[in-house]
Each structure stands twice: as structure tokens, then as C-alpha cells.
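Residue numbers count from 1 along this sequence.
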Amino acid sequence: MTVPRAETEYVDRRSLHERIAADLRDDIMSGELAPGASLPSTARLKERFDASNATVQKALQLLKEEDLVVGRAGASVTVREHRRRTVAPAALSTADRWLTEAAKHGTHARSVLRDVAEVRPPADVRSALSLPADSTALLRSQILLIDDEPAELVDCYYPLDIAEGTALMERRRIKGGTPALLAELGHPARRSVDRISAEIPTQEQHRSLRLTSSTPVLRTLRVVHGDGDSPVEVTVMVKAGHLYELRYEF
């Protein structure tokens with residue numbers, strides 16, 4: 001007779017102030033603590049989480065650095081009008097559509113071209129483009145900003161047999177956007193497939209998006225297929241996870 005193994009007791013290895021911040025962050029994001037609402041007092045938080053005053057203050061500091069709450073000495077800590085945006089993935093299909101969507105919410109949005117170069121893409125991008133391990137592709141990298149704060153990193157990869165000798169290779173914005181140019185070049189977009197994952201940010205993502213904690217990022221791998229279902233563009237989009245909520249309709 002096989003004796004079942006005893007379940008190992010789970011231990012949350014995050015520091016206590018990170019766990020407190022995570023629970024309060026969830027209260028804010030879910031609307032349990034609405035914009036303008038005061039957070040529970042330090043005394044109540046100490047009791048709720050069985051924590052010291054210093055630990056509670058470290059948790060609140062994390063939320064302040066994420067711009068989720070605001071507070072000053074002698075006053076209660078209150079929830080800011082936080083910047084989380086509910087978006088439909090289709091509205092973010094291109095940088096131009098992203099900028100248009102942001103403008104609808106009364107914000108100033110812009111994109112900055114960071115690089116145009118022939119590079120060896122990440123493994124999942126190579127796989128999507130059906131490239132051998134040692135192959136290269138054209139990268140057009142940009143960062144999208146809302147009210148001059150970084151909001152999303154966008155890296156677009158193109159097969160060299162499509163990009164070479166075209167405006168895609170030039171270090172400038174493309175008038176009308178890359179979808180229009182691809183269509184002019186005989187590679188119209190017929191179908192797009194998204195793979196979305198939540199990941200811990202890399203050092204470069206953390207720095208470029210000016211993140212203040214280890215809050216996960218949302219990483220979208222988008223494969224755009226043309227005629228004959230051949231891939232004509234693969235885009236990797238990375239956005240701060242606590243600033244976005246994706247809405248799907250079926």
C-alpha cells in the first residue's frame with residue numbers, strides 16, 4: 001500500500017512589507033479602496049498584519065513609489081486617482097492605434113523610436129518567424145509614453161527578405177504606420193495571434209519603464225500573418241502589469 005506523502009506547508013518567502021503592499025494593492029486595484037479613500041490607520045494595519053510600525057511604513061512607501069497612494073506626515077494616506085487603464089487588445093494593435101486610444105482618455109501620448117537595427121531575435125521570436133538559431137531580423141524598437149511617463153516597450157521584428165531596401169530599415173517614423181507600408185509592399189496583415197504572459201521584469205525593462213518594485217509586467221508576443229499565413233511581423237510588447245487591465249469580449 002502506498003502511503004501518500006504529507007503536503008509540504010507553503011511558505012510565502014516575500015518579506016512582510018511586500019506581502020502587506022500586495023494585499024493593499026489588490027484592495028486598490030479591485031476598487032475596495034476607491035480613489036480618494038483613506039487607507040486603514042497604521043494601528044489597524046499593524047493589527048491586521050501582525051506587523052511593526054516600521055514594516056507597515058515600508059509597505060506604504062512601496063505603494064507611494066508606485067503612485068498608488070499619497071500621504072504626508074500627520075495626515076492619512078489616501079488612494080490616488082490611479083492610472084490603471086482598461087483596454088481591448090485590438091485597440092493596441094499598432095503604436096498609432098495605441099496613441100489614438102490614449103488620446104480618447106484625455107492624456108498626451110507619444111512614441112519615441114529607440115533603435116532600428118539588424119539583430120538576433122529572442123528564441124520565441126525566431127520560432128514565430130521560422131528562423132534558424134543563428135539568423136537575424138530587423139528590429140524597430142520604440143517606447144510609448146503617456147504624459148511623458150513610460151508606459152510600454154514595443155519591439156517589432158521583420159524578416160530581412162521583407163525589410164531590406166524599404167523604409168523599415170530607416171531610422172525614422174513611418175508615415176501611416178508599418179501596417180500600411182507592409183500592405184504597400186505586398187504583405188497585408190490577414191491574421192494576428194497574441195500570447196500574453198505575466199513576467200518579472202528584466203533589468204532593462206525595469207529601468208526603461210521606471211518601475212519601482214518587482215511588480216510583474218505584461219508581455220505580449222504578437223505574430224502577424226500575411227497571405228498564405230506566413231509571418232510578416234512579430235512584436236513583443238511589455239507594459240507595467242499594475243497599470244493595465246485587458247478586456248476581452250466574446
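Remark: Arg247 engages Glu249 in a salt bridge, criterion side-chain N to carboxylate O under 4.0 Å. A salt bridge is defined here as a Lys NZ or Arg NE, NH1 or NH2 lying under 4.0 Å from an Asp or Glu carboxylate O, and Asp229 with Arg190 fails to meet this definition.
More than 12 heavy atoms of other residues, nucleotides or ligands lie within 6.0 Å of NZ in Lys64, so this atom counts as buried by the packing criterion.
Looking at Leu63, Val79, Thr78 one by one, the single match for side-chain contact (heavy atoms from CB on, under 4.5 Å) with Val70 turns out to be Thr78.
Taking both residues in full, the closest heavy atoms of Leu24 and Arg48 are given as CD2-NH1, 3.9 Å, listed atom of the first, atom of the second, then distance. Between Pro231 and Ile162, the closest heavy-atom pair is O-CD1, 4.5 Å. Contact record, Pro216 with Ala198: CB-CB, 4.5 Å, taken as the closest heavy-atom pair. Here the closest heavy-atom approach between residue Ala137 and residue Tyr158 is recorded as CB-O, 3.4 Å. Annotation for Ala167 and Ile174: closest pair O-CD1, 4.1 Å, computed over non-hydrogen atoms. Here the shortest heavy-atom pairing between Met169 and Ala163 reads CG-O, 3.2 Å.
Side chains of Leu113 and Arg171 form a contact here, defined as non-hydrogen atoms less than 4.5 Å apart. Residues Ile28 and Arg25 form no side-chain contact, since every pair of their non-hydrogen atoms from C-beta on lies 4.5 Å or further apart.
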CA sep, side-chain torsions, deciding dist, call: Thr55, Lys58, side chain to side chain contact (heavy atoms under 4.5 Å, CB included): CA-CA 5 Å; Thr55 298; Lys58 286 180 69 175; 5.7 Å; no

Chi angles and distances behind the side chain to side chain contact (heavy atoms under 4.5 Å, CB included) call for Val224, Leu182: CA-CA 11 Å; Val224 180; Leu182 288 172; 5.9 Å; no

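The closest side-chain donor-acceptor pair between Glu204 and Thr202, if any, does not fall under 3.5 angstrom.
Using modelled atom types, one side-chain atom of Arg140 and one backbone atom of Leu168 make a donor-acceptor pair closer than 3.5 Å.
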